[in-house]
Amino acid sequence: MSNRALCREASHAGSWYTASGPQLGAQLEGWLSQAQTSKRPARAIIAPHAGYTYCGSCAAHAYKQVDPSVTRRVFILGPSHHVALSRCALSTVDIYRTPLYDLHIDQKVYGELWKTGMFERMSLQTDEDEHSIEMHLPYTAKAMESHKDEFTIVPVLVGALSESKEQEFGKIFSKYLADPTNLFVISSDFCHWGQRFRYTYYDESQGEIYRSIENLDKMGMGIIEQLDPVPFSNYLKKYHNTICGRHPIGVLLNAATELQKSGVNMSFSFLNYAQSSQCRSWQDSSVSYAAGALVVH
């Protein structure tokens with residue numbers, strides 16, 4: 001291997017968010033200044049991965065809970081949108097570029113994960129095509145700015161895991177979740193509603209369609225707050241809600257359950273909920289976003 005570090009370019013900069021560092025920094029700063037610090041220091045957060053014009057303000061509520069003075073490693077678990085993956089995959093590069101500054105992958109942790117035999121490698125093409133991890137990089141860089149040379153990242157692409165695999169990966173990650181210097185970023189949007197998403201569940205007793213969507217999402221959010229993978233799994237089987245990060249969320253719930261068994265006391269709270277638009281007719285479509293944080297007591 002040459003001594004030139006391999007980089008993943010910020011492939012969605014200029015389309016999903018601004019490519020200008022100063023402009024991006026100011027934008028993130030603006031959204032963060034509107035959010036309250038209530039669940040600090042977060043050990044894990046759930047936040048959306050859509051274009052920042054849609055979900056930037058929602059995501060700020062999760063990132064506001066990050067404490068850069070304790071965090072030394074940021075695990076980012078994002079779902080795979082473009083490639084079929086039945087396990088989890090690690091990147092092949094050393095550096096993830098952002099318009100703010102470069103983020104360095106923790107090769108020591110990558111080595112430990114690789115040794116489990118549970119991971120595969122994603123190609124650079126897959127890495128750069130995927131937005132679910134990238135959309136968390138500028139926010140991570142911004143939240144950690146005051147300690148920018150003192151932390152590493154651990155990006156993990158999460159496949160369409162079976163329940164038993166979610167449990168296995170939950171066990172693997174639980175020892176990292178137990179460490180207060182680690183932060184887990186769980187990348188997920190919530191309901192994708194409309195004919196273009198082939199999902200049109202509607203409970204008319206809730207009133208307008210968007211209220212039905214909100215009710216469905218908030219039911220799921222309440223279940224996630226219980227930190228138990230079983231009811232979340234049952235909820236997904238019953239309603240088929242199109243939560244694209246359900247597998248990363250499942251891994252987090254399993255990791256949390258594992259830690260709770262060993263007597264660790266923790267709680268998860270959602271802090272913000274938003275929809276890209278309000279659906280009122282069958283022609284409409286929307287994506288929901290939720291931001292939340294896990295605190296260990």
Side-chain angles (χ1 to χ4, degrees), residues 38-39 42-50 55 58-59 61-62 65 75 77-79 132 158-171 173-174 177 183-193 197 199-207 209-262 264-276 279 286-297:
S38 55
K39 297 287 166 193
R43 186 74 55 90
I45 60 174
I46 292 177
H49 55 236
C55 76
C58 174
H61 292 268
Q65 316 313 321
F75 288 73
L77 275 57
S132 76
V158 179
L161 309 178
S162 63
E163 282 172 54
S164 63
K165 278 236 173 73
E166 284 181 7
Q167 197 173 4
E168 286 177 62
F169 281 108
K171 283 205 170 93
F173 286 115
S174 66
L177 186 63
L183 166 74
F184 275 75
V185 173
I186 304 298
S187 176
S188 187
D189 297 335
F190 274 70
C191 185
H192 295 62
W193 194 93
F197 298 119
Y199 185 75
T200 51
Y201 170 86
Y202 178 33
D203 172 1
E204 291 176 19
S205 73
Q206 295 299 317
I209 294 172
Y210 70 89
R211 294 220 180 268
S212 163
I213 296 169
E214 176 168 358
N215 186 60
L216 179 68
D217 280 330
K218 290 197 167 164
M219 192 193 310
M221 290 156 66
I223 290 167
I224 290 166
E225 289 180 336
Q226 295 168 24
L227 293 175
D228 183 344
V230 180
F232 184 56
S233 211
N234 293 340
Y235 161 84
L236 291 172
K237 282 181 195 136
K238 182 172 179 185
Y239 296 102
H240 304 283
N241 192 2
T242 42
I243 300 172
C244 53
R246 57 190 171 274
H247 299 296
I249 292 170
V251 170
L252 175 70
L253 298 181
N254 277 284
T257 298
E258 196 62 29
L259 283 191
Q260 285 173 313
K261 277 188 213 159
S262 63
V264 179
N265 184 12
M266 53 178 76
S267 63
F268 190 95
S269 329
F270 278 100
L271 305 163
N272 188 257
Y273 174 77
Q275 293 175 350
S276 60
C279 291
S286 71
V287 180
S288 311
Y289 313 114
L294 175 81
V295 176
V296 177
H297 305 291

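Just so it is clear, the values below take in all heavy atoms, side chains as well, and ignore hydrogens, waters and symmetry mates. If you read the sequence from its start, that first residue is 1, and numbering goes on from there.
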request  = Locate the shortest heavy-atom distance separating A62 from I45; write the atom from each residue and the value.
outcome  = O-CG2, 3.6 Å
message = Rounded to the nearest 0.5 Å, what separates atom CH2 in W193 from atom OG in S288?
response = 11.0 Å
query = Taking C-beta and beyond as the side chain, do V296 and V264 meet within less than 4.5 Å on heavy atoms?
reply = yes
inquiry  = So which atom in Y289 and which in P48 form the shortest heavy-atom distance, rounded to 0.1 Å?
reply    = CD2-CB, 3.7 Å
message = For S267 and H297: C-alpha separation, side-chain torsions, deciding distance, then whether side chain to side chain donor-acceptor pair (under 3.5 Å) applies.
response = CA-CA 8 Å; S267 63; H297 305 291; 2.8 Å; yes
message = To the closest 0.5 Å, what do you measure between CD (E214) and CE (M221)?
response = 8.5 Å
request  = Please work out which of the three classes, parallel, tilted or perpendicular, describes the rings of F173 and F184, given edges at 30° and 60°.
outcome  = perpendicular
ask   = To the nearest 0.5 Å, how far apart are CD1 in I46 and CD1 in I186?
value = 6.5 Å
task = Quick one: closest heavy-atom pair of C244 and D189, and the distance?
result = SG-N, 3.4 Å
task = Could you check S187 against H49 for side chain to side chain donor-acceptor pair (under 3.5 Å), going step by step and ending with a plain yes or no?
result = CA-CA 6 Å; S187 176; H49 55 236; 2.7 Å; yes
Sub-4.5 Å side-chain heavy-atom contact between P79 and H247 = no
query = Going by heavy atoms in the side chains, are Y273 and K218 under 4.5 Å from each other?
reply = yes
inquiry  = Between E166 and K171, is the salt bridge (charged side-chain N to carboxylate O under 4.0 Å, His left out) condition met? List the steps.
reply    = CA-CA 9 Å; E166 284 181 7; K171 283 205 170 93; over 6 Å; no
message = Contact between L259 and M266 at the side-chain level, heavy atoms closer than 4.5 Å - yes or no?
response = yes
ask   = Quick one: does Q206's side chain have a donor or acceptor within less than 3.5 Å of a partner on N215's backbone?
value = no
task = Return the minimal non-hydrogen interatomic distance between S174 and A255, and the atom names on each side.
result = CB-O, 3.6 Å
remark   = Nearest heavy-atom approach of A291 to C58 is CB-O, 3.2 Å
Spacing of D228 atom CG and N254 atom CG [to the nearest 0.5 Å] = 9.0 Å
ask   = Roughly how far, to the nearest 0.5 Å, is CD of Q167 from CG of L161?
value = 12.0 Å
inquiry  = Donor-acceptor pair, distance only, cut-off 3.5 Å: does the side chain of H192 make one with the backbone of T242?
reply    = yes
message = Is there a side-chain contact between L227 and T257 in this structure, where contact means two heavy atoms from C-beta onward sitting under 4.5 Å apart?
response = no
query = Going by an N to O cut-off under 4.0 Å, is there a salt bridge joining E258 and K261?
reply = yes
ask   = Below 4.5 Å, heavy atoms only, C-beta onward: do I224 and F232 meet side chain to side chain?
value = yes
message = Between R211 and E204, does any side-chain N to carboxylate O distance fall below 4.0 Å?
response = no
inquiry  = Between Y201 and N241, is the side chain to side chain donor-acceptor pair (under 3.5 Å) condition met? List the steps.
reply    = CA-CA 8 Å; Y201 170 86; N241 192 2; over 6 Å; no
query = Is Y239 close to L216 at the side-chain level, that is, under 4.5 Å between some pair of heavy atoms?
reply = yes
Side chain to side chain contact (heavy atoms under 4.5 Å, CB included) assessment of T200 paired with I209 = CA-CA 9 Å; T200 51; I209 294 172; over 6 Å; no
ask   = How long is the span from the OG atom in S38 to the CD atom in Q65, to the nearest 0.5 Å?
value = 4.5 Å
key: Minimum-distance pair of heavy atoms, taken over all atoms of A293 and K39   = CB-CB, 4.0 Å
ask   = Does any non-hydrogen side-chain atom of Y210 lie less than 4.5 Å from one of S286?
value = no
